[in-house]
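Whatever order the structure lists them in is the order used to number ligands and atoms, beginning at 1. All values derive from a computational prediction rather than experimental measurement.
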Amino acid sequence: MASHSSDTDPVILSESGPGLPALYRRVALDEVPSTNDEALGLAAGGAEEGTLVTARRQTRGRGRRGRRWHSPEGNLHLSLVLRPPGGAGAAVAIAFAAALAVAESIEDLLPDADPVEVKWPNDVLLGGRKAAGVLVEAAPPDGAAVVLGVGVNLASAPAGTPYPATALARPGAPPPAVEEALAVFCRRFLDRYNRWRKEGFAPLRRDWLGRARGLGQPLAVDVEGRRFDGTFTGIDEDGALCLDLGAGGVKKITAGDVGVPDGIGTAPC
Ligand code: BT5
């Protein structure tokens, strides 16, 4: 059972245009297994778009394919109920919007940050290490709602992950405050979400490629245990990774794991 530090706080911010959502009704929790699970339950019960679940700690934070997400206090953990046009079909666009919004938020929070890059499909890298992850899931019963889950390492990052991790905290300075990071992300995501609704995927694709790590370089991708080596040439208009295999043509990958450059083949990340 989740413990509530407050019930339903009012809107953090609401910036909507005609036909666009006035987002964000917050449910602030202390400790919870997974904010995505909480939000999926709320969505299944009819929660409105913009229902935002946050928790100080998660005991069973999830990554893709049931992997664990290290979620100690001091980091940002949030899940947002969305009811986009197209329902679960919009999941890919929402994930790209969120990754970009996180990257922009990190730059807002750390103006002198190391390069903030994105790594397919939805990771955000700070100085080449993973600082944040995004997980979008379709909500029962019919996928009309999706839940966007975002974890950002503000204060700390786990050691020993296959793909190296980092946090925003810098020696000698306090880490960004969770509440400030939340407000910055909410603003950035709302901009990205509204823009996607007005202009579609093209701006997301362009801006994502503008910060993609390793574009034009060799890449190895693990697809359900099978390794593909090629050159990372971009993403297509649906967000699939384009891997030029040379004589084997261009392979479009919709689900998989990109390894650590030069260390690939040892473990998927
Ligand atoms: C992700 O999965 O990167 C998506 C993470 C989404 C977490 C948020 S937190 C709020 C919401 N509630 C949830 O329960 N989840 C969402 P994936 O690409 O599968 O990466 C998972 C892998 O990253 C793990 O197998 C570890 O190797 C590594 N990892 C785990 N915790 C990490 C952390 N805090 N920072 C960096 N890497 C981590």
Visitor: Does this structure show an ion pair linking R213 with D123, if we count only N-O contacts that are shorter than 4.0 Å?
Guide: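 So R213 does not pair with D123 through a salt bridge.
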
Visitor: Quick check on P162 - does any of its heavy atoms sit under 4.0 Å from an atom of ligand 1?
Guide: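 Yes, that is the case, since the closest heavy atom of the residue is under 4.0 Å from the ligand.
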
Visitor: Is there at least one pair of N or O atoms, one from R60 and one from ligand 1, spaced under 3.5 Å apart?
Guide: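 Between R60 and ligand 1 (N or O atoms, distance only) the closest approach is not under 3.5 Å.
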
Visitor: When you look for heavy atoms under 4.0 Å from ligand 1, do you find them on the side chain of R67, its backbone, both, or neither?
Guide: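 Answer for R67: side chain.
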
Visitor: Quick one: which of K130, E38, Q58 has a heavy atom closest to atom 13 (C) of ligand 1?
Guide: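 The option holding the nearest heavy atom is Q58.
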
Visitor: For atom 24 (C) of ligand 1, tell me which residue out of R68, R65, E137, H70 has the closest non-hydrogen atom.
Guide: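 Residue with the shortest heavy-atom distance to the ligand atom: R68.
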
Visitor: Would you mind reporting whether D114 and R129 have side-chain heavy atoms less than 4.5 Å apart?
Guide: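 Sidechains of D114 and R129: no contact.
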
Visitor: Does NZ or CZ of K119 fall inside the cone over Y163's six-membered ring, less than 6.0 Å from its centre and within 45° of the axis?
Guide: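 Flagged: K119 positioned over aromatic ring of Y163.
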
Visitor: Which pairs pass salt bridge (charged side-chain N to carboxylate O under 4.0 Å, His left out) with one or both residues in residues 77-99, sequence neighbours excluded?
Guide: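 Found none.
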
Visitor: Relative to atom 34 (N) of ligand 1, which among N153, T161, V258 owns the nearest non-hydrogen atom?
Guide: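 Looking at heavy atoms only, N153 sits closest to atom 34 (N) of ligand 1.
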
Visitor: With backbone taken as N, CA, C and O and side chain as the heavy atoms from C-beta onward, which portion of D123 lies under 4.0 Å from ligand 1: side chain, backbone, both, or neither?
Guide: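 Answer for D123: side chain.
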
Visitor: Does the side chain of T35 reach to within under 4.5 Å of the side chain of Q58, using non-hydrogen atoms?
Guide: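 The answer is yes, as the side chains (C-beta and beyond) meet within the 4.5 Å cut-off.
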
Visitor: With a 4.0 Å heavy-atom cut-off (strictly under), which part of S71 contacts ligand 1: side chain, backbone, both or neither?
Guide: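 The answer is neither; S71 stays 4.0 Å or more away.
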
Visitor: I need the contact type for V150 against ligand 1. Using non-hydrogen atoms and a strict under-4.0 Å cut-off, is it side chain, backbone, both or neither?
Guide: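 For V150, only backbone atoms sit under 4.0 Å from ligand 1.
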
Visitor: Counting only heavy atoms closer than 4.0 Å, does ligand 1 sit against the backbone of L78, its side chain, both, or neither?
Guide: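 The answer is the backbone of L78.
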
Visitor: Tell me, please: is A157 in heavy-atom contact with ligand 1, that is, under 4.0 Å?
Guide: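 False for this residue.
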
Visitor: Would you indicate whether the side-chain heavy atoms of H77 and T54 approach each other to under 4.5 Å?
Guide: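 They are not in side-chain contact.
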
Visitor: Which residue pairs pass the side chain to side chain donor-acceptor pair (under 3.5 Å) test with at least one member in residues 94-106, sequence neighbours excluded?
Guide: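 Qualifying pairs: E104-R192.
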
